[in-house]
Amino acid sequence: MASRFNALKADASWQKVWDESRTFAARDDSPKPRSYVLEMFPYPSGRIHMGHVRNYTMGDVLARYRRMIGHEVLHPMGWDAFGMPAENAAMEKGVHPGAWTRANIETMKAQLKRLGFALDWTRELATCEPDYYGHEQALFLDLFKAGLVYRKESAVNWDPVDMTVLANEQVIDGRGWRSGALVERRKLSQWFLKITDFADDLLNGLGALEHWPDKVKLMQENWIGRSQGLTFSFKLSDGDKVDVFTTRPDTMFGSAFVAVAADHPIARALADRNPDAAAFIELCKRGGTTAAELETQEKLGFDTGLTATHPLDPAWQLPVYIANFVLMEYGTGAVFGVPAHDQRDLDFARKYGLPVKRVVSEGEIEDPVFVGNEAYGGPGVLVNSHFLDGMDIEDAKRTVISRAEGEGWGTGSTVFRLRDWGVSRQRYWGTPIPIIHCDTCGVVPVPRDQLPVVLPEDVSFDVPGNPLDRHTAWNTVDCPSCGATARRETDTLDTFVNSSWYFIRFASQPEGKPFDRAVAEQWLPVGQYIGGVEHAILHLLYARFWTRALKHIGQLDVAEPFAGLFTQGMVTHETYSRTIETLGTDGVDVIHKPLWLGPDDIERRDGGVFEIATGEAVTIGRVEKMSKSKKNTVDPEPIVDQYGADAVRWFMLSDSPPERDLPWSESGIEGSWRFVQRLWRLFDGATEGGEGASKDAALDRKLHQTIAGIAVDIDALSFNKAVAKLYALVNEIERAAPSASRSAAIATLMRLVAPMAPHIAEEAWAAAGNDGLIADAPWPEVDPALLVEDEVTIALQVNGKLRDTVTMAKGTAKDVMEALALANPNVQRSIGDATPKKIIVVPDRLVNVVA
RNA sequence: GCGGACGUGGCGGAAUGGUAGACGCCGGAGACUUAAAAUCUUCUGCCCUUCGAGGCGUGCGGGUUCGAGUCCCGCCGUCCGCACCA
């Protein structure tokens, strides 16, 4: 008789079977159609969290479903194992980063296994092992040889807490993305990858990514930031010249000044002989870079005393300023100011009393004197602009550019916001950059036969900074070129380099080289990539670049690494807090602030919520992303212990659309657990023999509609809809009287739930006497004849309002429908004395009487 | 400031321009039980009700349409990304 489904026991036994039979190992030589399903690999921080569970469950459902429809599926897992937390742990706990990382991997791997993911563990990799990063070093040298790697002295973002350089992308509001410390500017010799060589291609390539979210494509587009315009020269009064870039060459006749960045060569030259200029430049550098500071920061300038000759009017001299709002990193580091049509220029002009001349008019206004403090940037017609007068903006741009090119003082040009990728990190726990610095030979690549350059194990973290710098036994080497004593590069690679090609290594991992081209090309691109939207720019852009770079050097012919991308929402939870009083920094003021409490710290009683430890009343806060700081995390492991893997997986897929946030709740997981038990009661009952040989046509139809429906939903990653359809099917099976149809439906249901709840599906499959694994079973076939209803419910409307519904045979003739509608008492009552003016009949849908 | 997404019951959310609220959660009532748990049945947008029905409902205001959650215009709100990018 019906027993309980023992999830703990079933989970373990089926996981063991899958493991031992290598059920999910992908075959490189398979003749089947291929599916590469990949979720962003985790950083081994210690334990898995609900975000991982949700991410990997989604990928798993897709992978298992694709197997069932006959694909050879590659669904691998590995570890993004280099990074700063390991070094932080080393400093705080005195444990070696490698030992810490490898222990975390063991823990997390065991946790992932308990969720029964259909992963090919034979391809597992960890980026911190020499057999991964050694190949990365080889690829780095290939790119170096191809001229895609260079070294330059540059101002870098220095994180004073983590004691490292950060990429621009890792600076958020002027603070380090990890430490939150205010970033300083420093000059260091750094390694760069020439991502800007591919700026155009990276931008254009977005157009072909049909299965990427528009949002992510747009974010990348904005990040790459292509601007078309004119780059041209001003002759300066000292005989020098200055190049500027503008997207508005049409406004040439509205210019009032030229401004250069504080670190522009002209500014630096002036500072050498003018202490006031030097002081101004210092002032500019001190300015904060946060959004709030920038918004309120005044536009400041320093008059260099130089003048610039307007290229279209030799008699016209413009003052040249050093200005705090001009960026050296963008364009040419110099601009010409058109105050009437650019807000920053207007602010600047008003402050220094410069002329403000209107050159674009949106209507009747043609007065050259521009009034007000709001620049006009909209459409219009050129005015006060000599030969440009009367043209629209685009015409005027073209005219000025062709004139500049004809006269030789400027060229039409494209400028990108994207900068080259600085990959040097002054850290230990990363891929050593395979370069040797020799006093005589300069920069010398490590010879291939000396790869991998392995990280030394014996390092100490008792002082800040990079331990590799202090490790002279490691960093002192003979120059491969001249044999003299030389020094190893002690910078390591940004961890984003590790994740820029791991998906290629998953597809093919030979021993002697990074990948086998033919094998990798069979699997790539990744068909469906799933991960958090936080990687929309950095990781995804770098991986796209790396793929292009490999293509450029002839190692891999793949246009894009990820054909399909899905960004899943976060797992959220209520927050709990009570207010505590604490003294402010002055030691006097009393500040009220929330003390966050965890879900296990509180209890609900007497209609309220209280802290268990103190009995104090607790405030329920907003539902937020699970985070340690808000203490609203739920550890997956005890949940799996209590409810089993299938219930947890089911909950992860239920209710919320996968791209939106999923609010974790106790009642939700209990509901999922109840459903698993409901399934078991059906499956268990089915083995007792399906009594009756009768057909149940309605149930047959429902079953086949469900098979077809959830296939569509899974393909679209609409797991919540697939789950709802399964609930509806189960409801109907439970209500149905015993019949052959019902028994068949239950047998089919096993396969329908197999991608989502694989353990109970295997258990039921085996109990029903089937051979082999349900994981290897084919997806049920759909009988197309059963997808169409033979009866339909028709809505009867009067003036668009629903008055009744009637059931009739599908395909009922229009005039019959109309007659039935007019004969309907509810319709008649609603029409009353009025005469129908018009009757709309939509076959198999509705009749609308307009009266 | 620029760009984007979203707004539907107490909650998560369904809905090719055609019966709004599928499915789940919470909640109510009942059955089974000595009792509880589990399970099952049933109700569950709001208002009004003479129990036949009716009215109102998808952030707000307009519009297109026989018909709008869905399309168009204008607001409001929430969230996300970028941000002195010339």
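Bear in mind that the values here come from a model prediction, so they are computed numbers and not experimental data. Labels below follow one simple rule: chain letters A, B, ... track the order of the sequence lines, proteins then strands, and each chain is numbered from 1.
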*Which base sits across from B/A38 as a Watson-Crick or G-U pair, both distances under 3.5 Å?*
none

*Whole angstrom is fine here: how far is it from CD1 in A/I224 over to C1' in B/C85?*
14 Å

*Residue closer to the 5' end of RNA chain B, A/R829 versus A/G331 (nearest nucleotide)*: A/R829

*Starting at atom CE of A/M219, determine the distance to atom C1' of B/C79, rounded to an integer number of angstrom.*
13 Å

*Ignoring the backbone of A/N848, work out which of B/C26, B/C82, B/C66 is nearest its side chain.*
B/C66

*asked:* Side chain of A/R678, heavy atoms from C-beta onward: which of B/U19, B/G24, B/C66 has the nearest atom to it?
replied: B/G24

*So which nucleotide from B/C84, B/G18, B/U19 ends up closest to the side chain of A/L846?*
B/G18

*When syn is taken as a glycosidic angle within 90 degrees of 0, is B/G9 syn or anti?*
syn

_From CA spacing to verdict: side-chain hydrogen bond (donor to acceptor under 3.5 Å, both in side chains), A/N720, A/D655_ = CA-CA 5 Å; A/N720 57 320; A/D655 298 347; over 6 Å; no

*Please report, rounded to the nearest Å, how far the C1' atom of B/C85 is from the CZ atom of A/R419.*
8 Å

*Euclidean distance, atom CG of residue A/L679 to atom P of B/C23 [Å, nearest integer]*: 17 Å

*asked:* I'd like the C1' distance from B/G74 over to B/C26, given in whole Å.
replied: 38 Å

*Between A/S672 and A/F416, who's closer to the 5' end of RNA chain B by nearest nucleotide?*
A/S672

*asked:* I want to check one thing: is the phosphate of B/G4, taken as OP1 and OP2, less than 4.0 Å away from some side-chain N or O of A/K217?
replied: no

*Touch check for A/S656, heavy atoms < 4.0 angstrom, all strands: base, sugar-phosphate only, or nothing?*
sugar-phosphate

_Gap in Å between the two P atoms, one belonging to B/C47 and one to B/G63, rounded_ = 29 Å

*Out of A/Q343, A/R350, A/R344, which one pairs with A/D347 under the side-chain hydrogen bond (donor to acceptor under 3.5 Å, both in side chains) rule?*
A/Q343

*Quick one: which of B/U16, B/G67, B/C84 gets closest to the side chain of A/R344?*
B/C84

*What interatomic distance, in whole Å, is found between C1' of B/C80 and the corresponding atom of B/C11?*
23 Å

*asked:* Between P on B/G18 and CG on A/D844, what's the gap in Å once rounded to a whole number?
replied: 15 Å

_Nearest-angstrom distance from the residue atom NZ of A/K801 to C1' of B/G55_ = 8 Å

*Choosing from B/C23, B/G12, B/U19, which nucleotide comes nearest the side chain of A/L802?*
B/U19

*A/V842 side chain: which of B/G13, B/G18, B/A22 is closest?*
B/G18

*Whole-Å P distance, B/A37 and B/G28*: 12 Å

*Watson-Crick or G-U counterpart of B/G45, or none if no pair lies under 3.5 Å*: B/C56

*Distance from A/R735 atom CZ to A/R742 atom CZ, nearest 0.5 Å?*
11.5 Å

*With C1' as the reference atom in both, quote the distance from B/G18 to B/A36 in angstrom, rounded to an integer.*
50 Å

*Within less than 4.0 Å of OP1 or OP2 of B/C84, is there a side-chain N or O belonging to A/R417?*
no

_Of the listed nucleotides (B/A83, B/A14, B/G4), which one gets closest to any side-chain atom of A/L218?_
B/G4

*asked:* Using the P atom as the point on both nucleotides, what is the distance between B/G21 and B/C82, in whole Å?
replied: 41 Å

*When you check the gap from the basic side-chain N to the acidic O, do A/K630 and A/E624 get nearer than 4.0 Å?*
yes

*Would you mind calling B/G61 syn or anti? Take O4'-C1'-N9-C4 for purines or O4'-C1'-N1-C2 for pyrimidines, and syn is within 90° of 0.*
anti

_Complement of B/C25, any strand, by Watson-Crick or G-U distances under 3.5 angstrom_ = B/G10

*OP1, OP2 of B/A83 versus side-chain N and O of A/N222: anything below 4.0 Å?*
no

*Can we say A/R681 and A/E734 salt-bridge, meaning some charged N sits less than 4.0 Å from an Asp/Glu carboxylate O?*
no

_Distance below 4.0 Å between A/N324 side-chain N/O and B/C84 OP1 or OP2_ = no

*Measure from CG on A/L346 to P on B/G1 and round the result to the nearest Å.*
17 Å

*asked:* Check this one for me: any side-chain N or O of A/R660 less than 4.0 Å away from OP1 or OP2 of B/G13?
replied: yes

_Distance test, side-chain N/O of A/K215 to OP1/OP2 of B/G4, below 4.0 Å_ = no

*Residue A/S667, side-chain heavy atoms: nucleotide from B/C26, B/A22, B/G24 that is nearest*: B/C26

_Please give the distance between the P atoms of B/U16 and B/A35 as a whole number of Å._
48 Å

_Does a side-chain N or O of A/Y330 approach OP1 or OP2 of B/A86 to a distance below 4.0 Å, or not?_
yes

*Can you check whether A/S227 has a side-chain N or O nearer than 4.0 Å to OP1 or OP2 of B/A86?*
yes

*asked:* Distance criterion of 3.5 Å, no angle test: do you see the side chain of A/K725 paired donor-to-acceptor with the base of B/C23?
replied: no

*According to the Watson-Crick and G-U wobble definitions, with both distances under 3.5 Å, which nucleotide is paired to B/U50?*
none

*Within the modelled atom types, does a donor on one side and an acceptor on the other bring the side chain of A/R845 and the base of B/U16 under 3.5 Å apart?*
yes

*For B/C72 and B/C84, measure between their C1' atoms and round to the nearest Å.*
37 Å

_Spacing of A/F257 atom CZ and A/F336 atom CZ [to the nearest 0.5 Å]_ = 10.0 Å

_Base paired to B/C2 (Watson-Crick or G-U; both N/O distances under 3.5 angstrom)_ = B/G81

*asked:* Among B/C66, B/A83, B/A14, which nucleotide has an atom closest to any side-chain atom of A/N720?
replied: B/A14

*To the nearest Å, give me how far apart CG (A/D655) and P (B/A22) are.*
13 Å

_Shortest side-chain distance from A/A728, nucleotide among B/G18, B/G54, B/C23_ = B/C23

*Can you tell me how far the OH atom of A/Y321 sits from the NZ atom of A/K299, to the nearest 0.5 Å?*
15.5 Å

*In Å and rounded to the nearest 0.5 Å, what is the CD1 to CE distance from A/I639 to A/M50?*
5.0 Å

_Pair A/K810 + A/E791, salt bridge at N-O below 4.0 Å_ = no

